[in-house]
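Reviewing the structure listed below.
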Amino acid sequence: MEVIIAPDRHKAALLVARIVAKELRADPRLVLGLATGRTMERVYACLVDLHRGEGLDFSVCSTFNLDEYIGIPADHPCSYRRYMDEHLFAQVNVAPGRTHLPDGMAPDLGAECRRYESLIQAAGGIGLQLLGIGSDGHIGFNEPLSALRSRTREKALTPSTLEQNAPMFGGDPAAVPRRAITMGVGTILDSRRCLMLVTGESKAAILAKAVEGPITSMVTASALQLHPRCQVVVDEEAAAHLQGIDYYRWIFANEPEWAEFRGA
Ligand code: F6R
């Protein structure tokens, strides 16, 4: 795992978008794993800018989102399908048929989870997985105590996640669906590269647990420590509780891989 500290949330999101753009230019058929949430909105805005300004091409890539709420239709204003359409898909040249999210309205949710895993496999696996972190340490909707080898399945959301996501549902945690389909921790760890973005002081304590704490199903993001190629891009506010901050800065300043991203 590598931690990259950007001066602020905007530069952190831009750095993530530039890493995605570099991967996409190297492999236009990239299979992208996508996340939703407020943190990711800035990344998608940067990717839209790169598409419009530099012709970043999404035409032959495929996308698989981490999760979707159960019980709200795709055209519901708070569905993750709607979020993706609004923030990215409708603004770039991705082929709609190549964009995938779990179907939270499927009559047989277990079959839908198995279908989603098969689709990912049939696409050749995820090349680059974008991730945020929940206030309870989740990645996707892998809430505390999720098995670290779990696959796509249904999960009940924790009260802390309902609270975190309430602003998208008019501020009322009771309005947030109680369950979701999510890729499992094992599904995420199978991605060839993981890229997590964490910003803001409200995430500082959980970020430190995920990056520097023990690997535990109580903080499913800590499982990323097992991944052979995982970068965590953070802003100064989110980095506030990290013990190894000087070391992380030194790595970013000295690794040749990051030369083109420094000073951006
Ligand atoms: C949603 C997802 C979640 C979010 C996390 C952070 O698709 O994967 O794990 O990334 O809950 O959400 P925000 O950015 O809204 O704090």
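Atom set for the values below is all heavy atoms of this structure, side chains included, hydrogens, waters and symmetry mates excluded. We count ligands from 1, going down the list as the structure has it; atoms in each ligand are counted the same way.
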Checklist entry - So, does Glu143 use its side chain to make a donor-acceptor pair with the main chain of Asp136 at under 3.5 Å? => result no

Checklist entry - What residue pairs, at least two apart or across chains, pass side-chain hydrogen bond (donor to acceptor under 3.5 Å, both in side chains) with a residue in residues 230-244? => result Glu2-Gln231, Arg9-Glu237, Arg193-Gln231, Glu236-Arg249

Any protein N or O within less than 3.5 Å of an N or O in ligand 1? List each pair with its distance, or say none.
{"unit_1": "ligand 1", "atom_1": "7 (O)", "unit_2": "Thr36", "atom_2": "N", "d": "2.9"}
{"unit_1": "ligand 1", "atom_1": "7 (O)", "unit_2": "Thr36", "atom_2": "OG1", "d": "2.7"}
{"unit_1": "ligand 1", "atom_1": "7 (O)", "unit_2": "Asp67", "atom_2": "OD1", "d": "2.6"}
{"unit_1": "ligand 1", "atom_1": "7 (O)", "unit_2": "Asp67", "atom_2": "OD2", "d": "3.3"}
{"unit_1": "ligand 1", "atom_1": "8 (O)", "unit_2": "Asp67", "atom_2": "OD2", "d": "3.4"}
{"unit_1": "ligand 1", "atom_1": "9 (O)", "unit_2": "His138", "atom_2": "NE2", "d": "3.4"}
{"unit_1": "ligand 1", "atom_1": "9 (O)", "unit_2": "Gly140", "atom_2": "N", "d": "3.4"}
{"unit_1": "ligand 1", "atom_1": "9 (O)", "unit_2": "Gly140", "atom_2": "O", "d": "2.8"}
{"unit_1": "ligand 1", "atom_1": "11 (O)", "unit_2": "His138", "atom_2": "NE2", "d": "2.7"}
{"unit_1": "ligand 1", "atom_1": "11 (O)", "unit_2": "Gln164", "atom_2": "NE2", "d": "2.8"}
{"unit_1": "ligand 1", "atom_1": "12 (O)", "unit_2": "Gln164", "atom_2": "NE2", "d": "3.2"}
{"unit_1": "ligand 1", "atom_1": "14 (O)", "unit_2": "Arg38", "atom_2": "N", "d": "3.3"}
{"unit_1": "ligand 1", "atom_1": "14 (O)", "unit_2": "Thr39", "atom_2": "N", "d": "2.9"}
{"unit_1": "ligand 1", "atom_1": "14 (O)", "unit_2": "Thr39", "atom_2": "OG1", "d": "2.5"}
{"unit_1": "ligand 1", "atom_1": "15 (O)", "unit_2": "Arg38", "atom_2": "N", "d": "2.9"}
{"unit_1": "ligand 1", "atom_1": "16 (O)", "unit_2": "Lys203", "atom_2": "NZ", "d": "2.7"}

Next on the checklist: Quick check on the 6.0 Å ring-centre criterion: do Phe141 and Tyr69 meet it?
Outcome noted: yes

Next on the checklist: Between Trp258 and Phe261 (judged by ring centroids, cut-off 6.0 Å), do the two rings come close enough to count as a pair?
Outcome noted: yes

Item to check | ring pair (Phe, Tyr, Trp, His ring centres under 6.0 Å) against Tyr116, all qualifying residues, sequence neighbours excluded | outcome: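 Ring pair (Phe, Tyr, Trp, His ring centres under 6.0 Å) check on Tyr116 returns Phe64.
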
Checklist entry - For Glu212, which residues count as a salt bridge (Lys or Arg N to Asp or Glu O under 4.0 Å) partner, sequence neighbours excluded? => result none

